[in-house]
A.B. asks: 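Right, I'll just put the structure down here and ask away after.
Numbered from 1 within each chain, the chains take letters A, B, ... in sequence-line order.
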Amino acid sequence: MSTVAANAPGAAGGGLQDVAASEASLRRFLHGLPGVDAVGLEARAATLGTRSIKTTAKAYAIDLAISMIDLTTLEGADTFGKVRALCTKGRNPDPTDPTAPRVAAICVYPDMVATAKAALAGTDIQVASVATAFPAGRAALPVKLADTADAVAAGANEIDMVIDRGAFLSGRYLDVFNEITAVKQACKRADGTSAHLKVIFETGELQTYDNVRRASWLAMLAGADFIKTSTGKVAVNATPPVTLLMLEAVRDFKQQTGIQIGVKPAGGIKTTKDAMKYLVMVNETLGDDWLSPHWFRFGASSLLNDLLMQRQKLTTGRYSGPDYVTVD
Amino acid sequence: MAKNKQAENKQAQNQQAEAPKGGLFTYAPAPESPAAAGEIATSYGHFIGGEFVDSSGSEALKTVNPATEQVLAEFAQGTDEDVERAVTAARKAFTDWSALPGSERAKYLFRIARIIQERSRELAVLESIDNGKPIRETRDVDLPLVAAHFFYYAGWADKLDFAGYGANPKPLGVAGQVIPWNFPLLMLAWKIAPALATGNTVVLKPAETTPLTALRFAEICRQAGLPKGVVNIVTGDGRTGAALTAHPDVNKVAFTGSTPVGRSIARQLAGSRKKLSLELGGKAANIVFDDAPIDQAVEGIVNGIFFNQGHVCCAGSRLLVQESIQDELLDALKRRMGTLRVGDPLDKNTDIGAINSAAQLARITELSAAGEAEGAERWAPECELPGAGYWFRPTLFTGVSQAHRIAREEIFGPVLSVLTFRTPTEAVEKANNTPYGLSAGIWTEKGSRILWMANQLKAGVVWANTFNKFDPTSPFGGYKESGYGREGGRHGLEAYLDV
């Protein structure tokens, strides 16, 4: 169970079979990754943010962004009614314009999965659930696995797990690796299929860009299907430089192993302008291969309405206002 | 609706099927309005003694938009008589200008800096039209730096006593300045701001392919109420420049341009009492070690050689890469070069604009052909180039050795030569094995190696984990055939003071 080959069959070709054979080998590998120059990374992200996306490109990007949204409610006060309302919005984001695309997924706490699943019946909208003692991740492994299995059993298509940042920051990489592989196992359904696993780093707590690159590789080696920036529950969530860095990591991983991994920035992406900047980063770092909801997602709740307002503007030529989009 | 958009995008994609960026997400054109450049007159004279005046001669030159080859305006070929008038006006203005308290001179410089900021869009668009460089660069790099230089030297004007040249340092007199076409407004700022701050007056000759922003700057001098004759602009080609540098009443000559011209100026001025500073060519080494931050190094290499179409004297035109990571780095570099967008300089999404002139394009083409003929392997991404105008694909040569012409001569275009090395000592030997010595770059995560390398490299500027970064506070200038004297920073004052 402790080798990459066992968990990520495609990795066998990348010469990465024995990376996780021991704590020492895993550390050597992660610390041998190319460093990240913070100034250069931030400058590149800022430059990509100055691309001017207009007219047809903007219309295309808005619809693409809507189709990539994991429409999310993760509040302590969530109710079944609130979740059902959100699902309705996900199915039909703009009641005045049926051509508006659907969102990619509805993201909820595990106890809401069954409700969301029922509300989304008959659509291809996925149900994503934050399991593993989200957002702090401070629970015993059996509890996290039970949390995951519960969400999968209730019908979740995707599991968003948080890593143990404490273990990561204290250098216990193998513990983090083993936990991800265990959760990946717990994503398996009775019929042999498996829920997609998104691994959340909480990059705001990892502090350095070098840590973000190491966490990315660690999760990918352990079998993550997606890597995700943050929970949305801390002060610093997704930022363009962090996301750019993760895009570069999945690009390098695919080059080395042939395995394609998805990326999901989450938290704090609120405006169409922001979303455009992220899509430009994907476009110029990874290209078409990743410009689809299969490989790139936005973890967001308020972004959708801004995209819809911009969409209405492009359709009608006039700005509407917050009362012309729904608040569910 | 969505279907239509998809169809439109598909269509756009098909139209650009050959473009490497390709893909479904094709950026729609985002053109800056040429009208933002303000009115361009059909013909220009000189700016002498605070007035726009006709040339004493009848010869006129044309400046063209290198992206379209359309003539933008005619301008005067400055005669010896024009130069005489300009130097006389500057000499006359010198008496009062140099006698002003530094704090008063500073006010004018601050005013000029603020007007440049206010009119930065106009100037950025005009610069892009006249020069061919992308609006993204004139808007985000050139103009902010131009204003910053005036602000910076405005700050020095009343603090010259504390610049390290003794109490009350004196200006030299009339400065004759000749600047190149690669950064027309920025080079003007590098020359004029310190000259005025220290109390000199100026006669400046812009390059014959890019005179428009200097003439617009003359308007700004008037708008700022700068006393007449403090700044004079005389246009023309090398003949005008030679008349200016040779003028007996010029006390200081500052030249930025090619090494051959710099050499002839040095010869011309030898034995005279004129003070001279030269910023000439370069063939910088950009050295990448195996422990470098690879993604940022790739960006730095791209910025080092493709910024401003490679029309940069400190461009990182020789990539020295450690053998062990050569393949990995070159793969990444080619992938990145495939995303560069070449085309209309006024499109806000353009990364690489037009080559400044037909003559320069011919030189780049000739040297690249020499690279192939001498056995280096040439690579460039597939990309559509516009029909009219002067264009050159971003180009990479691998398998280059120190003996190749493309490793020795300054190409001054978007052409990168890749060489390899095995040890830090070899990297230093190869980096220094050039007649030039303007700049160098080091990419490594090891701090001690950065410091060791910086000590060994014979270059005026050594960048670590970055490239082509400029700041008014930082002195700039070269070794060997890259010239002498420094511009920028406190050091930049010395060239205009009698010390």
A.B. asks: Between B:D295, B:D331, B:D347, who has the most heavy-atom pairs with chain A when the cutoff is under 4.5 Å?
C.D. replies: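 Going by pairs under 4.5 Å, I would pick B:D295.
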A.B. asks: Can you check salt bridge (charged side-chain N to carboxylate O under 4.0 Å, His left out) on B:D290 and B:R422, steps first, answer last?
C.D. replies: CA-CA 10 Å; B:D290 59 5; B:R422 294 157 299 179; over 6 Å; no
A.B. asks: Please classify the contact between A:L279 and chain B as side chain, backbone, both or neither, with a heavy-atom cut-off of under 4.5 Å.
C.D. replies: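 Interface part for A:L279: both.
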A.B. asks: When the ring planes of B:W463 and B:F467 are compared, do they come out parallel, tilted or perpendicular, using 30° and 60° as the limits?
C.D. replies: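 Rings of B:W463 and B:F467: tilted, as their planes differ by 30° to 60°.
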A.B. asks: If I measure from the heavy atoms of chain B, does A:V39 come under 4.5 Å with its side chain, its backbone, both, or neither?
C.D. replies: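 Answer is neither: A:V39 stays 4.5 Å or more from chain B.
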A.B. asks: Taking side chain as everything from C-beta outward and backbone as N, CA, C, O, which of these in A:R51 sits under 4.5 Å from a heavy atom of chain B? Side chain, backbone, both or neither.
C.D. replies: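 A:R51 touches chain B through backbone and side-chain heavy atoms alike.
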A.B. asks: Non-hydrogen atoms of chain B under 4.5 Å away: do they reach the side chain of A:L41, the backbone, both or neither?
C.D. replies: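 When you check distances to chain B, atoms from both the backbone and side chain of A:L41 fall under 4.5 Å.
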A.B. asks: Among B:L396, B:L333, B:V321, exactly one meets side-chain contact (heavy atoms from CB on, under 4.5 Å) together with B:I301. Which residue is that?
C.D. replies: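 In the set B:L396, B:L333, B:V321, the residue that makes a side-chain contact (heavy atoms from CB on, under 4.5 Å) with B:I301 is B:L333.
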A.B. asks: Is the distance between the ring centroids of A:W217 and A:F253 less than 6.0 Å?
C.D. replies: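 Here the rings of A:F253 and A:W217 have centres that are less than 6.0 Å from each other.
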A.B. asks: Of the backbone (N, CA, C, O) and the side chain (C-beta and beyond), which part of B:A297 lies under 4.5 Å from a heavy atom of chain A, both, or neither?
C.D. replies: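 Contact with chain A: none, neither part.
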A.B. asks: Fit a plane to each ring of B:F25 and A:Y60, take the angle between them on a 0 to 90° scale, and name the class: parallel (under 30°), tilted (30 to 60°) or perpendicular (over 60°).
C.D. replies: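 Taking A:Y60 first and then B:F25, their aromatic rings sit tilted (interplane angle of 30° to 60°).
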